[in-house]
Amino acid sequence: MTARVTTDSDRVELSHPDKVLFPEDGITKQELADYFRDVAEFMLPQVRDRPMTLQRFPNGIGEPGFYQKEAPSYLPEWIDTVTFPLREEGREQRQILCNSAATLAYLADQGSITQHVWLSRADRLEYPDRMIFDLDPPDDDFSIVKFAANTLRAKLKHLGIPAFPMTTGSRGLHVVVPLDRSVDFDTVRAWAAEFARKLAWAVPDSFTTELRKESRGDRLFIDYTRNAYGQTTVAPYTVRAKKGAPVAMPVSWEELEDLESSQAYNIRNIVKHLRETGDPWRDIDRHAGKLPALQEKK
DNA sequence: GTGTATC
DNA sequence: GATACACAACGCATA
DNA sequence: TATGCG
Ligand SMILES: [Mn+2]
Ligand SMILES: [Mn+2]
């Protein structure tokens, strides 16, 4: 990590502020930057010090985009980065740490609509402070997602493990467990895999942990494989490259009951909602804990 | 979107 | 100066 | 070792 600079996000100039990034909605780069400014106080605590992958659409979502992991050589020096080894022997990589509102403004200027972040933080990259169950439904029906999430929550609760839901802005939901960084990725993933398989065995007609799409049939995929070094999940409050500019939205369990879609929140309705309800994940890190040993059945 | 090569 | 072009992911499970 | 997958 490098030194932190407090730069006003308004000071970051946008190269083509009127460029339309969402053709069907007429949403411009300026609007994306304004959105980042408005959610920064909620988003920054969730992405701070996590290596960030950019999904960029410099010519809007009607044109193909690309992922960018490596920090570009032209990155301004006031943006934090972290350099770390890749799993491939001898290779390393430098990635962006989005630690300021100004950085968010810069990302908007780069045409980065969607950001993906690690489940660990720069000072201890091998030890995740998040465990994710990524619920991927077979179609646009959100009711099975809520069913899976509530079931998962109940089973975690039996073990005394708190969990926090987030719509992904696409079709699914993330169920997130804060961890105390006492174990590495392989340990967390093994735990998540076993837990997910037990859930799938309990409701085999509705849930699956099969990695190959072909084997999933019409079932909801409980994806535990995000829990790995160098892997990412969609950042809280990030915007999806889809019509309507839906966003990944942390919600309370109570609120989840009323949602009918993973795309319930978007760039144009989220700010009003946040002002009314506040940040449902405000206390997430205070709930960080350890994973207990799993019992034989369940 | 940006850096570099080329006329 | 205008324009063309290249470039911008990785870890892991499974077959 | 080469995909499939996210
Ligand atoms: Mn998903
Ligand atoms: Mn997934």
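Atoms considered below: every heavy atom in the structure, side chains included; atoms not considered: hydrogens, waters and symmetry mates. Order of the sequence lines sets the chain letters (A, B, ...), proteins ahead of strands, with each chain counted from 1.
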Participant: Which listed nucleotide (dG4(D), dG6(D), dG11(C)) is nearest to the side chain of R87(A)?
Facilitator: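 Of all the options, the side chain of R87(A) is nearest to dG11(C).
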Participant: P atom, dG6(D) versus dA6(C): distance in rounded Å?
Facilitator: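 To the nearest whole Å, 31 Å.
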Participant: When you measure from the side chain of K69(A), which nucleotide among dC10(C), dG6(D), dC12(C) comes out closest?
Facilitator: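 The answer is dC10(C).
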Participant: Return the value, rounded to whole Å, for the distance between atom CZ of R212(A) and atom P of dA2(D).
Facilitator: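 Taking CZ of R212(A) and P of dA2(D), I get 15 Å after rounding.
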Participant: According to a strict under-4.0 Å criterion, is R226(A) in side-chain N/O contact with OP1 or OP2 of dG11(C)?
Facilitator: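 It does not, given that no N or O in the side chain of R226(A) lies less than 4.0 Å from OP1 or OP2 of dG11(C).
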Participant: What is the separation between atom CG on L125(A) and atom P on dG11(C), rounded to the nearest whole Å?
Facilitator: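 Taking atom P of dG11(C) as the reference, CG of L125(A) is at 12 Å.
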Participant: Give a yes/no verdict on a cation-pi contact between R124(A) and Y127(A), requiring under 6.0 Å between NZ or CZ and the six-membered ring centre and an angle within 45° of the axis.
Facilitator: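 Relative to the ring axis of Y127(A), which defines the angle, R124(A) lies inside both limits.
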Participant: Which nucleotide sits closest to the side chain of A228(A): dG3(B), dG11(C), dG6(D)?
Facilitator: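 Selected nucleotide (nearest to the side chain): dG11(C).
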Participant: Under 4.0 Å between a side-chain N/O of Q68(A) and OP1 or OP2 of dA9(C), yes or no?
Facilitator: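 Answer no for this pair, as no side-chain N or O of Q68(A) is under 4.0 Å from OP1 or OP2.
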Participant: Measure up the Y67(A) and H116(A) rings against each other and bin them: parallel (under 30°), tilted (30 to 60°), perpendicular (over 60°).
Facilitator: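 Tilted: the ring planes of Y67(A) and H116(A) meet at 30° to 60°.
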Participant: Hey, is the side chain of R91(A) poking within less than 4.0 Å of OP1 or OP2 on dA9(C), counting only N and O atoms?
Facilitator: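 Answer no for this pair, as no side-chain N or O of R91(A) is under 4.0 Å from OP1 or OP2.
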Participant: Atom CD of E92(A) to atom P of dC10(C): distance rounded to whole Å?
Facilitator: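 Taking CD of E92(A) and P of dC10(C), I get 13 Å after rounding.
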Participant: Does the Lys NZ or Arg CZ of R87(A) fall within the cation-pi geometry relative to Y229(A) - under 6.0 Å from the ring centre and within 45° of the axis?
Facilitator: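 Yes.
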Participant: Just compare dA8(C), dC12(C), dA13(C) and give me whichever is closest to any side-chain atom of R56(A).
Facilitator: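 From the listed options, dA8(C) comes nearest.
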Participant: What's the closest nucleotide to the D134(A) side chain, out of dC12(C), dT2(B), dG6(D)?
Facilitator: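 Of all the options, the side chain of D134(A) is nearest to dG6(D).
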Participant: Under 4.0 Å: is that the gap between some side-chain N or O of Q110(A) and OP1 or OP2 of dT2(B)?
Facilitator: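 Indeed, a polar side-chain atom of Q110(A) lies that close.
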Participant: Check T167(A) against V247(A) and note the closest heavy-atom contact, atom names and distance.
Facilitator: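 Shortest heavy-atom separation between T167(A) and V247(A) comes out as OG1-O, 3.8 Å.
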Participant: So which nucleotide from dA9(C), dG1(B), dA15(C) ends up closest to the side chain of H16(A)?
Facilitator: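 Ranking dA9(C), dG1(B), dA15(C) by closest atom to the H16(A) side chain puts dG1(B) first.
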Participant: Please report the distance separating the P of dT4(B) from the corresponding atom of dA8(C), rounded so that it comes out in whole Å.
Facilitator: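 These two P atoms come out 14 Å apart once rounded.
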Participant: To the nearest Å, how far apart are L135(A) CG and dG6(D) C1'?
Facilitator: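 That distance rounds to 14 Å.
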Participant: In terms of relative ring orientation, are Y106(A) and W78(A) parallel, tilted or perpendicular, with 30° and 60° separating the classes?
Facilitator: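 Ring orientation, 0 to 90° scale: perpendicular.
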Participant: At 4.0 Å (heavy atoms only), tell me whether N59(A) reaches a base, stays on the sugar-phosphate, or touches nothing.
Facilitator: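 It contacts nothing in the nucleic acid.
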Participant: Would you indicate what L86(A) reaches in the nucleic acid, counting non-hydrogen atoms under 4.0 angstrom: base, sugar-phosphate, or nothing?
Facilitator: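 Sugar-phosphate only.
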Participant: Looking at dG6(D), dA13(C), dT2(B), which one has an atom nearest to any side-chain atom of D136(A)?
Facilitator: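 Ranking dG6(D), dA13(C), dT2(B) by closest atom to the D136(A) side chain puts dG6(D) first.
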Participant: Within the 4.0 Å heavy-atom criterion, would you say F66(A) contacts the bases, only the backbone, or no part of the nucleic acid?
Facilitator: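 Contact class for F66(A): base.
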Participant: Does S15(A) put a side-chain nitrogen or oxygen below 4.0 Å from OP1 or OP2 of dG1(B)?
Facilitator: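 It does, given that an N or O in the side chain of S15(A) lies less than 4.0 Å from OP1 or OP2 of dG1(B).
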Participant: Which of these, W201(A), F221(A), Y224(A), F147(A), sits in a ring pair (Phe, Tyr, Trp, His ring centres under 6.0 Å) with F207(A)?
Facilitator: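 Option passing the ring pair (Phe, Tyr, Trp, His ring centres under 6.0 Å) with F207(A): F147(A).
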